[in-house]
Q: 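Mind looking over this structure? Questions follow.
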Amino acid sequence: MTAADPRVLPAPIARTDLPVSTEAMARWLIGKSLVHAHLDGTAAGRIVETEAYVPGDSSSHAFRGPTPRNRSMFLEHGHAYVYFIYGSWFALNVSAEPPGTGAGVLIRAVEPTVGIPLMQQRRGTDRLLDLARGPGRLASALAIDRSLDGMDLCQGAPLWLGEPLRPAGPIGESVRIGLSRETDRVLRFFEQGSPFVSGPKRLNALPAARSR
DNA sequence: AGTGCGATTGACT
DNA sequence: GTCAATCGCACTA
């Protein structure tokens with residue numbers, strides 16, 4: 001039995017086990033598995049970096065209320081919000097509040113665990129560290145696109161949150177990346193010391209990044 | 001109907 | 001380290 005055998009894929013996590021708070025969700029997701037069973041094959045990773053886009057946050061896509069693009073952010077916690085950005089890339093969020101409240105957690109990086117050859121093929125590189133470091137790369141490696149927008153991540157296939165393969169280490173925190181508003185809020189979380197995390201060194205190295 | 005810009009990446013110096 | 005590509009979306013009119 002190999003690691004890619006569906007029988008040993010991380011089991012889906014029930015919604016009742018998810019936090020119902022965006023910041024708590026962003027911290028909680030570190031170390032959890034993200035699995036996509038696709039026609040091409042199954043790929044999965046271990047979440048190592050997230051950002052919280054909390055209610056009332058002017059940098060959040062949900063800030064101005066629901067639209068056709070962002071409506072998934074208003075779904076019950078544990079649903080996928082997938083958006084298209086910069087003309088080329090998709091990015092995955094997990095909705096994180098009760099129904100009707102717009103918020104989400106951006107998954108910024110995963111450590112590849114299952115289906116590595118498939119991810120290498122999708123990404124056009126063999127370098128393990130470049131496979132899923134960054135939201136656009138991660139989406140590409142796991143074949144995540146708008147067809148998955150609004151999906152329930154607690155139901156198993158095709159896309160789900162799974163139990164950790166290995167517990168998360170200490171969690172680092174910093175300001176979020178690439179924003180022009182709310183630039184001082186510490187809402188980015190990552191596994192301290194993981195080489196699979198994105199972002200500039202100054203945000204990932206202590207003491208700029210505080211750990212807890 | 002027109003416009004400005006972005007929760008980024010890959011190429012390049 | 002710097003920088004331009006690229007197009008869907010939301011905002012203005």
Q: Is the closest basic N to carboxylate O distance between A:Asp17 and A:Lys32 below 4.0 Å?
A: no

Q: Is it possible for you to say whether A:Tyr81 and A:Val94 belong to one hydrophobic cluster, with membership spreading through side-chain heavy-atom contacts below 4.5 Å?
A: no

Q: Check for a donor-acceptor pair, side chain of A:Glu191 on one end and backbone N or O of A:Val48 on the other, with a separation under 3.5 Å.
A: no

Q: Hey, any chance A:Phe90 and A:Leu34 share a hydrophobic cluster, counting ILVMFWY side chains that come within less than 4.5 Å of each other, even indirectly?
A: yes

Q: With centres under 5.5 Å and planes under 30°, do A:Tyr83 and B:dA7 count as stacked?
A: no

Q: With DNA chain C as reference, determine whether A:Arg146 or A:Ser88 sits nearer its 5' end, using the nearest nucleotide of each.
A: A:Ser88

Q: Cluster question for you: counting only ILVMFWY and a side-chain heavy-atom cut-off of under 4.5 Å, with indirect links fine, are A:Leu18 and A:Leu148 together?
A: yes

Q: Using a heavy-atom cut-off of 4.0 Å to chain A, what are the terminal contacting nucleotides of DNA chain C, in 5' to 3' order?
A: C:dT6 to C:dC11

Q: Take the protein atom CD1 of A:Ile85 and the nucleotide atom P of B:dC5, then report the distance between them rounded to whole Å.
A: 14 Å

Q: Hunt down any stem DNA chain B takes part in, defined as 3 or more consecutive Watson-Crick or G-U pairs whose two distances are each under 3.5 Å.
A: B:1-6 with C:7-12, B:8-12 with C:1-5

Q: Quick one: which of A:Phe84, A:Tyr53, A:Tyr83, A:Phe74 gives a ring pair (Phe, Tyr, Trp, His ring centres under 6.0 Å) with A:His61?
A: A:Tyr83

Q: Got a sec: does the CZ of A:Arg69 have more than 12 other heavy atoms crowding it under 6.0 Å?
A: yes

Q: Within residues 56-76 of chain A, find the residues that approach DNA chain B with a heavy atom at under 4.0 Å, and present them sorted by residue number.
A: A:Ser59, A:His61, A:Met73

Q: Would you give the length of the straight line joining atom CG of A:Leu131 to atom CD of A:Glu111, rounded to the nearest 0.5 angstrom?
A: 11.5 Å

Q: Is the CD atom of A:Glu163 crowded by more than 12 outside heavy atoms at less than 6.0 Å?
A: yes

Q: Provide, to the nearest angstrom, the distance between the OH atom belonging to A:Tyr53 and the P atom belonging to B:dG6.
A: 13 Å

Q: Pairs under 3.5 angstrom, nitrogen or oxygen only, protein versus nucleotides 9-13 of chain B, please.
A:
residue	atom	partner	partner atom	Å
B:dT9	OP1	A:Pro135	N	3.2
B:dT9	OP1	A:Gly136	N	2.8
B:dT9	OP1	A:Arg137	N	3.2
B:dG10	OP1	A:Arg123	NH1	3.0
B:dG10	OP2	A:Arg137	NE	2.6
B:dG10	OP2	A:Arg137	NH2	2.9

Q: With sequence neighbours left out, what residues match A:Thr22 under side chain to side chain donor-acceptor pair (under 3.5 Å)?
A: A:Glu97

Q: Please list all pairs meeting salt bridge (Lys or Arg N to Asp or Glu O under 4.0 Å) that have one or both residues in residues 72-92 of chain A, counting only residues at least two apart or in different chains.
A: A:Arg15-A:Glu76

Q: Applying the side chain to side chain donor-acceptor pair (under 3.5 Å) criterion to A:Glu173, which one of A:Gln192, A:Arg27, A:Arg188 satisfies it?
A: A:Arg27

Q: Can A:Thr113 and A:Arg46 be counted as having a side-chain donor-acceptor contact under 3.5 angstrom?
A: no

Q: Tell me what A:Tyr86 touches on the nucleic acid: a base, only sugar-phosphate, or nothing, going by heavy atoms under 4.0 Å.
A: base

Q: Whole angstrom is fine here: how far is it from CD1 in A:Ile177 over to P in B:dA7?
A: 13 Å

Q: Rounded to whole Å, how long is the line connecting atom CZ of A:Phe190 with atom C1' of B:dA7?
A: 17 Å

